[in-house]
Amino acid sequence: MVVLRPGPTGAGRRLADVPSFDRGIGGAESNVACVLAGRGHPTRWISRVGADAFGTHLVAAVAAHGVDTTYVQRDPVRPTGVYFRTAGERPTTSGTIPDPSYGEAAYYRAGSAASAMSPALIPRAAAHAGRILHLTGITAALSADCLALLRELVVRAPGSGPLLSFDVNYRAALWRHTAPEDPRVLAELARACDIVFVGEDEAEAAWGIDGGPDAIRAALPEPAVLVVKQGAAGATAYTRDARDARDAVVSVPAPAVDVVAPVGAGDAFAAGFLSATLRGLPLPARLRYGHLMAAAALTVPGDLGEPPPPALADTLAGLDPAAWGRLRLGPGWTGRLPAQAVEPCTEDPRT
């Protein structure tokens, strides 16, 4: 989608009072693709946009991040999706009047080109051509055809196809207005995937699960890797041991971050985790790279932050636990080594 966020004179205002907006790009899957490409991974984005100026801008902007856009279709009738947002966090509940402590997001993508994605229009072979196929619950909420597409893509013959990655990405406004089914369908999709990302707040809002990470794992025992995001506290990952079918559990705290805008952080976290997965790194390192990519998004006003250079990311991911605990990241951190990280690295992130 094209994202319109308040310009300088609209900072801190509600959408109704914003006089002008700055244009950017957004969308969960394209965000993940852009960050992965920035980390040096060959990445393909498959979607649909309108044959309009916003669609032209989106395709060019995503391609400029190094993403292959060959399979992005242009719809001659339906428009490119647009949404407006403020800088605050989006609520996970669906009240009519937004709580002032949250940000606002207004989606205009019912009937958009992306909402027309379907098994007939999206080539399964192209979607299954990579090592990992990343999907999100946002697509499932757009239309019955989009949900049918995801249901088809998560079906594989045993031992074939890519790793399936799924970010629940529950958006209350979408499920209230456009979703073809109840949000419990997100759990159905998650159970069919190999790597699943879900926030504690999402699990409670979508499924009524309020017992923390262990309760979420009990409800989703099927994925080989389940990552439960816990906001500023960090993340907990569960991975099944093939030898005895028991879970290994790893929790990694998030570094302190001076937040500019929270939107896009979950997508960046998923990209960082998947990047480390592609590199064959162990679970604690995958979580640290997820936190670092999330921090890159949290410290910029747009949905996409510039990933830190590989050498900087490797240095920070390899900090000993005490140094990691002292880490604080603010705007511009991806271009320099934070002062809290000047101690010699004592751990290799590859071990």
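Residues: numbered from 1 along the sequence shown. Treat the numbers as computed from the prediction; the structure is a model and nothing was measured.
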Thr299 side chain to Pro331 main-chain N or O, any donor-acceptor pair under 3.5 Å? no
Go through the steps for Val196 and Val225 under the test side-chain contact (heavy atoms from CB on, under 4.5 Å), then give the verdict. CA-CA 6 Å; Val196 173; Val225 178; over 6 Å; no
Side chains of Cys193 and Val154 in contact at under 4.5 Å (non-hydrogen atoms): yes
CG of Asn31 to CD1 of Ile25, rounded to nearest 0.5 Å, is 7.0 Å
Quick check: do Pro79 and Phe54 have side-chain heavy atoms less than 4.5 Å from each other? no
With rounding to the nearest 0.5 Å, note down the distance linking CZ in Phe273 to NZ in Lys229. 11.5 Å
Look up atom CZ in Arg78 and atom CG in Asp52, then write down how far apart they are to the nearest 0.5 Å. 13.0 Å
Where at least one partner belongs to residues 145-165, residue pairs that pass side chain to side chain donor-acceptor pair (under 3.5 Å), sequence neighbours excluded: His134-Ser165, Arg151-Glu181, Arg151-Glu188, Arg156-Asp194
Any side-chain to backbone donor/acceptor pair from Arg286 onto Leu281? Under 3.5 Å, distance only. yes
Hey, what's the ring geometry for His291 with Trp324, parallel, tilted or perpendicular (30° and 60° as the breaks)? tilted
Any idea which heavy atoms bring Ala265 and Ala294 closest together, and the distance? O-CB, 3.6 Å
Asp22: which residues meet the side chain to side chain donor-acceptor pair (under 3.5 Å) condition with it, sequence neighbours left out? none
Tell me, do Leu135 and Leu189 make a side-chain contact under 4.5 Å, heavy atoms counted? no
Can you name the nearest heavy-atom pair linking Gln230 to Pro213, along with the distance? NE2-CG, 3.4 Å
With heavy-atom distances below 4.5 Å as the criterion, would you say the side chains of Val263 and Arg85 are in contact? yes
Dump the intermediate steps for side-chain contact (heavy atoms from CB on, under 4.5 Å) on Glu104 and Phe84, then the final yes or no. CA-CA 8 Å; Glu104 291 179 87; Phe84 295 75; over 6 Å; no
Please determine, by modelled atom types, if Glu29 and Thr139 share a side-chain donor-acceptor pair under 3.5 angstrom. yes
Kindly determine whether Arg288 and Val252 satisfy side-chain contact (heavy atoms from CB on, under 4.5 Å), including the steps that lead there. CA-CA 7 Å; Arg288 282 195 175 190; Val252 172; 3.8 Å; yes
Can you hop from Leu312 to Leu304 via hydrophobic side chains spaced under 4.5 Å? yes
Taking C-beta and beyond as the side chain, do Arg328 and Val257 meet within less than 4.5 Å on heavy atoms? no
Side chain to side chain donor-acceptor pair (under 3.5 Å) filter on Ser275, not counting sequence neighbours, yields His41
Under 30°, 30 to 60°, or over 60°: which ring-plane class applies to Phe197 and Phe269, parallel, tilted or perpendicular? perpendicular
Trp207 side chain to Glu202 main-chain N or O, any donor-acceptor pair under 3.5 Å? no
Nearest heavy-atom approach of Leu147 to Val185 is CD1-CG2, 3.9 Å
Non-hydrogen side-chain atoms of Arg240 and Pro221 separated by less than 4.5 Å: no
Can the positive tip of Arg279 be found less than 6.0 Å from the middle of the six-membered ring of Tyr289, inside 45° of the ring normal? yes
Check Ser115 against Ser112 and note the closest heavy-atom contact, atom names and distance. OG-O, 2.7 Å
Minimal heavy-atom distance between Asp167 and Gly266, with the atoms involved, is OD2-O, 4.0 Å
Closest non-hydrogen atoms of Asn169 and Ala28, given as atom of the first, atom of the second and distance, are ND2-CB, 3.4 Å
Ignoring hydrogens and angles, write down the donor-acceptor pairs under 3.5 Å from the side chains of residues 33-40, residues two or more places apart or on other chains.
none

Donor-acceptor contact present, side-chain Tyr238 to main-chain Asp214, <3.5 Å: yes
Gap between atom CG of Leu274 and atom CD1 of Ile132 - 0.5 Å precision: 4.5 Å
State which residues pass ring-ring contact (aromatic ring centres under 6.0 Å, His included) with Phe166; sequence neighbours excluded, sorted by chain then number. none
Value rounded to 0.5 Å, distance of CD1 in Ile46 from OG1 in Thr69: 11.5 Å
Rounded to the nearest 0.5 Å, what's the gap from CG on Leu316 to CG on Leu327? Could you check? 5.5 Å
Can Tyr83 be reached from Val300 by stepping across I, L, V, M, F, W or Y side chains whose heavy atoms are under 4.5 Å apart? no
Ignoring hydrogens and angles, state whether a donor on the side chain of Thr236 or Ser251 is under 3.5 Å from an acceptor on the partner side chain. yes
Closer than 3.5 angstrom, by distance alone: can the side chain of Asp68 be matched with the main-chain N or O of Thr70 as a donor-acceptor pair? yes
If you look only at distance, which donor and acceptor atoms sit under 3.5 Å apart when one is on a side chain in residues 57-66 and the other is two or more places apart or in another chain?
{"unit_1": "His57", "atom_1": "ND1", "unit_2": "Arg23", "atom_2": "NH2", "d": "3.4"}
{"unit_1": "His57", "atom_1": "NE2", "unit_2": "Arg23", "atom_2": "NE", "d": "3.4"}
{"unit_1": "His65", "atom_1": "ND1", "unit_2": "Ala61", "atom_2": "O", "d": "3.0"}

Between Ile216 and Val198, is a side-chain contact (heavy atoms from CB on, under 4.5 Å) present by the stated rule, with each step listed? CA-CA 9 Å; Ile216 298 171; Val198 61; 3.9 Å; yes
Does a side-chain heavy-atom distance below 4.5 Å link Asp75 with Arg48? yes
Would you call Met1 and Val82 a side-chain contact if the rule is heavy atoms closer than 4.5 Å? no
In terms of hydrophobic clusters joined by side-chain contacts under 4.5 Å, are Val249 and Leu220 together? yes
